[in-house]
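What follows is a single structure, written as structure tokens, with notes after it.
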Amino acid sequence: MLSKRIIACLDVRDGRVVKGVNFEGLRSAGDPAVLAKRYNEEGIDELVILDITATLEKRQAMANTIRAVARELFIPLAVGGGIRTEADAEAAIEAGADKVSVNTAALQKPELITRLAQRYGSQAVVVAIDAKLQNDRFAVYVRSGQTETGRDAVEWAREAESRGAGEILLTSIDRDGTKAGFDCPLTAAVSRAVSIPVIASGGAGGLHDFVDVFTRGASDAALAASIFHYSETSVSSLKSYLKTHGIPVRMTSPAC
Amino acid sequence: MIALLDYKAGNLTSVRKALAAVGADVLTPDTPEDLARASAVIMPGVGHFGATSALDRRWIDAILDGVSRAKPLLGICLGLHFLFEGSEEAPEVPGLGLLSGRCVRLRPPEDAGLKVPHVGWNSLDIIRRDTIVDGIETDTQVYFTHSYVAPLTPDTVAATTHGERFAAVVQRGHVSGAQFHPEKSGEAGLQVLRNFLSQVR
């Protein structure tokens, strides 16, 4: 049976991992390569490096950080933040990313999704959607949650799939960094509308939040950052918890 | 020297890095003639079966010539599909025909609520012992990302289930294939690559 994936996100700024609350007030959490190694040993299923300030500061994806993280890593690695052109995607992939995550640029130039899918395969193209509840619908925001787009998250996810996206990385702006639990209604609405995998993001606080998002949220994967960075929850204890609650997960032997 | 075929479908960085981690010397051949210098061939692959048509008759003859000289050949994902006679994904494009059968789209029962593409970590069910799965046990999880699958045949070494069972690992003599990505499957994936290299004389 296909396992539900646990993905650790490294929000990187100036080569350091940081994590904010509601996209603001960033605090430092360490060296990306050190964290990546630790998560890998603990049995993380996948890693995402997100250049969180790239969109605002028009920064290219950080090839050196990607290289350092990818060096000893033999699990999928996705890179996002500031991927605006095919050249940006190429730089990330050449540095060792298996997937690139596009957000703002995909909304502005949806044909970018198709071009990347044709060049690297759909499995390499993740469309990131940042959404929040607004007047009974899930509205899509860009530019780190600052700008409303007028798009509906469910409808945009469907379009992204039809244009060649291989996965949807769905972040709840309302929940991001709050530890109040994932946004299950948002996740379920999008996940049931598409046939590609949906990664739920934003709001992971306790172990049971993951059970909720895999059941009520119908997500295929769940992503978290801060609860892993500060060692509040280890990946292995989370997986043991999920297993006892009947969620299929990949169990790895504990590191000796 | 291991030849890693680059037919411009997807990126080879991850495969190259994993091969380096298990001690392989890798070359990316520019011409079919370069294959003669290799002691084994790996056909990686992501994307559409139609992309294999970038390998023209000269490339295919060079690959088949290597196989006839007992050089090990490993197909990964789409590369595994290419070992078979063809695929429903691009019916007009022939495969190498080294293994019998045709690849088809994964069609889990509609009421199962399963998504296609099949993306993520799933478990192997070892059907029979062969070199390529040395040290790999049933229930080991590996990373998949694909929509098309190879049929279960006597060449199947391990099967995986996503609504329906399909070939996850195949081997026939020195020709082998993995539907999953050994370069992205942690220690188990590296073990499969080591097993492949162990066949290289």
Which bit of [X] is near chain B, if near means a heavy-atom gap under 4.5 Å: side chain, backbone, both or neither?
X        : answer
A:Arg192 : neither
A:Glu94  : both
A:Ser122 : neither
A:Asn40  : neither
A:Ala70  : both

With a 4.0 Å cut-off, would you call [X] and [Y] a salt bridge?
X        : Y        : answer
B:Glu33  : B:Arg58  : yes
B:Arg129 : B:Glu137 : yes
A:Arg38  : A:Asp31  : no

(message) Applying the side-chain contact (heavy atoms from CB on, under 4.5 Å) criterion to A:Ser201, which one of A:Val213, A:Thr171, A:Asp183 satisfies it?
(response) A:Thr171
(request) Measure distances from B:Leu114 to the heavy atoms of chain A and classify the residue's part below 4.5 Å as side chain, backbone, both or neither. (result) neither
(message) If you count heavy-atom pairs within less than 4.5 Å of chain A, which of B:Thr13, B:Thr140, B:Val116, B:Val119 leads?
(response)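 Heavy-atom pairs under 4.5 Å are most numerous for B:Val119.
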(message) Would you call the rings of B:His118 and B:Phe144 parallel, tilted or perpendicular, taking 30° and 60° as the class edges?
(response) tilted
